[in-house]
Amino acid sequence: MVAESNSKTVPATTRAQSCLELAQTGANQAMAPSSDAKKRQAALAALELVPRGSTIGVGTGSTVNLFIAALAADPGRVLRAVSSSQASSELLRQAGVAILDLNETADLELYIDGADEATPARHLIKGGGGALTREKIVAAAARRFVCIVDDAKVVDTLGRFPLPIEVIPMARTLVARELAARGGRAVWREGCVTDNGNHILDVHGLAIPDPVALECELDQLAGVVTVGLFAVRPADLLLIGTATGVERR
Ligand code: A5P
């Protein structure tokens with residue numbers, strides 16, 4: 001079986017925001033749009049957890065962009081950041097934050113990032129913006145991972161949002177066949193090349209009753225770079241923007 005592609009509907013481009021747009025031209029478009037106001041509330045609640053003058057990890061996506069906008073309005077709050085994408089690095093620089101290479105830093109105290117889906121146990125699906133590999137690396141380097149979402153993303157069981165998997169380009173159809181054998185329908189996010197030069201498969205229809213077990217299993221497939229399940233290393237705190245305020249889990 002060959003991974004399906006959404007090439008008829010998308011332009012070719014290479015950056016995280018474009019990867020997110022490409023994902024949304026596929027089956028993800030059926031999802032209701034997230035509320036910016038709820039995302040902003042979560043982003044502002046995260047800002048309160050950031051000590052003045054700190055060095056932190058910063059993720060990728062529209063919710064994180066609101067967090068970066070809040071940083072821009074609060075000069076000196078964050079002096080340096082390790083970023084999970086070129087897109088976020090650009091915004092952070094514009095906000096006056098210096099970008100560090102992870103290889104030149106010790107462990108980070110704090111990592112702020114969004115998610116595409118989250119459970120109350122703080123297991124996540126990430127990678128809608130295509131930055132999942134660097135996100136997983138920065139999360140692994142952080143002592144505390146604070147995830148900011150709006151309430152539309154909270155689910156009891158992961159899997160409504162197609163699971164992004166970053167693959168080495170030559171292994172794309174091999175991995176797609178392995179996923180089909182597990183009941184998943186892999187759609188190639190054609191036109192999306194990650195910051196690492198790889199491809200993304202968006203996998204529909206996977207049952208994910210045990211995210212830790214599935215993450216470990218899929219991590220073993222030859223050609224898989226990163227699975228968009230963040231369950232082995234879940235978030236430590238979920239800040240959920242709702243109509244009535246920010247919920248903490
Ligand atoms: C980026 O690759 C993703 O993991 C994002 O963190 C995730 O897609 C959330 O993005 P939004 O904040 O734009 O919904």
Side-chain angles (χ1 to χ4, degrees), residues 13-46 57-70 81-92 111-119 122-140 142 145-155 158-167 189 192-196 198-203 211 215 225-231 233-235 237-241 246:
T13 183
T14 58
R15 292 294 174 253
Q17 186 57 37
S18 306
C19 285
L20 177 61
E21 285 157 11
L22 290 167
Q24 289 171 341
T25 60
N28 300 350
Q29 73 189 163
M31 294 187 66
S34 294
S35 150
D36 271 0
K38 292 176 183 175
K39 290 179 178 181
R40 187 171 294 107
Q41 281 188 56
L44 293 177
V58 177
T60 301
S62 58
T63 315
V64 164
N65 290 350
L66 295 167
F67 174 75
I68 297 174
V82 174
S83 153
S84 73
S85 66
Q86 295 177 17
S88 289
S89 296
E90 232 169 271
L91 291 175
L92 283 161
Y111 176 49
I112 309 285
D113 197 1
D116 300 302
E117 259 185 14
T119 69
R122 300 185 298 278
H123 293 147
L124 313 172
I125 285 183
K126 291 180 50 54
L132 61 165
T133 295
R134 295 186 186 196
E135 290 172 345
K136 210 171 248 196
I137 293 168
V138 183
F145 173 11
V146 174
C147 182
I148 48 178
V149 294
D150 64 275
D151 55 4
K153 292 175 170 172
V154 181
V155 296
L158 296 175
R160 186 182 59 187
F161 190 94
L163 176 64
I165 300 186
E166 180 165 350
V167 296
R189 203 182 299 177
C192 171
V193 177
T194 70
D195 283 351
N196 315 303
N198 296 317
H199 290 176
I200 301 273
L201 295 173
D202 292 305
V203 189
E215 182 179 355
V225 176
T226 300
V227 177
L229 282 168
F230 285 55
R233 198 276 182 254
L237 174 67
L238 204 52
L239 295 174
I240 307 165
V246 177

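Both counts, for ligands and for their atoms, begin at 1 and track the order of listing.
- Distances below 4.0 Å separate heavy atoms of Thr63 from the following atoms of ligand 1: 11 (P), 12 (O).
- For ligand 1, the atoms sitting less than 4.0 Å from at least one non-hydrogen atom of Lys126 are 3 (C), 4 (O), 5 (C), 6 (O), numbered in the order shown with element in parentheses.
- Of the N and O atoms on the side chains of Thr133 and Thr226, at least one donor lies less than 3.5 Å from an acceptor on the other residue.
- The shortest side-chain heavy-atom distance between Glu117 and Val149 does not fall under the 4.5 Å cut-off.
- Contacts between Asp113 and ligand 1, counted as non-hydrogen atom pairs separated by less than 4.0 Å, involve the side chain only.
- If you check each of Gly127, Gly61, Ser62, Gly59 against atom 3 (C) of ligand 1, the one with the closest non-hydrogen atom is Gly127.
- Side chains of Val154 and Thr119 form no contact here, defined as non-hydrogen atoms less than 4.5 Å apart.
- Between Ala131 and ligand 1, at least one pair of N/O atoms sits closer than 3.5 Å.
- The shortest side-chain heavy-atom distance between Val58 and Ile68 falls under the 4.5 Å cut-off.
- Close contacts of ligand 1 with Thr60, meaning ligand atoms under 4.0 Å from a residue heavy atom, involve 1 (C), 5 (C), 6 (O).
- Between Val203 and Pro162, every side-chain heavy-atom pair lies at or beyond the 4.5 Å cut-off.
- Lys136 and Glu166 are not joined by a salt bridge, as no carboxylate oxygen comes within less than 4.0 angstrom of a charged side-chain nitrogen.
- At a heavy-atom distance under 4.0 Å, only backbone atoms of Ala115 (N, CA, C or O) approach ligand 1.
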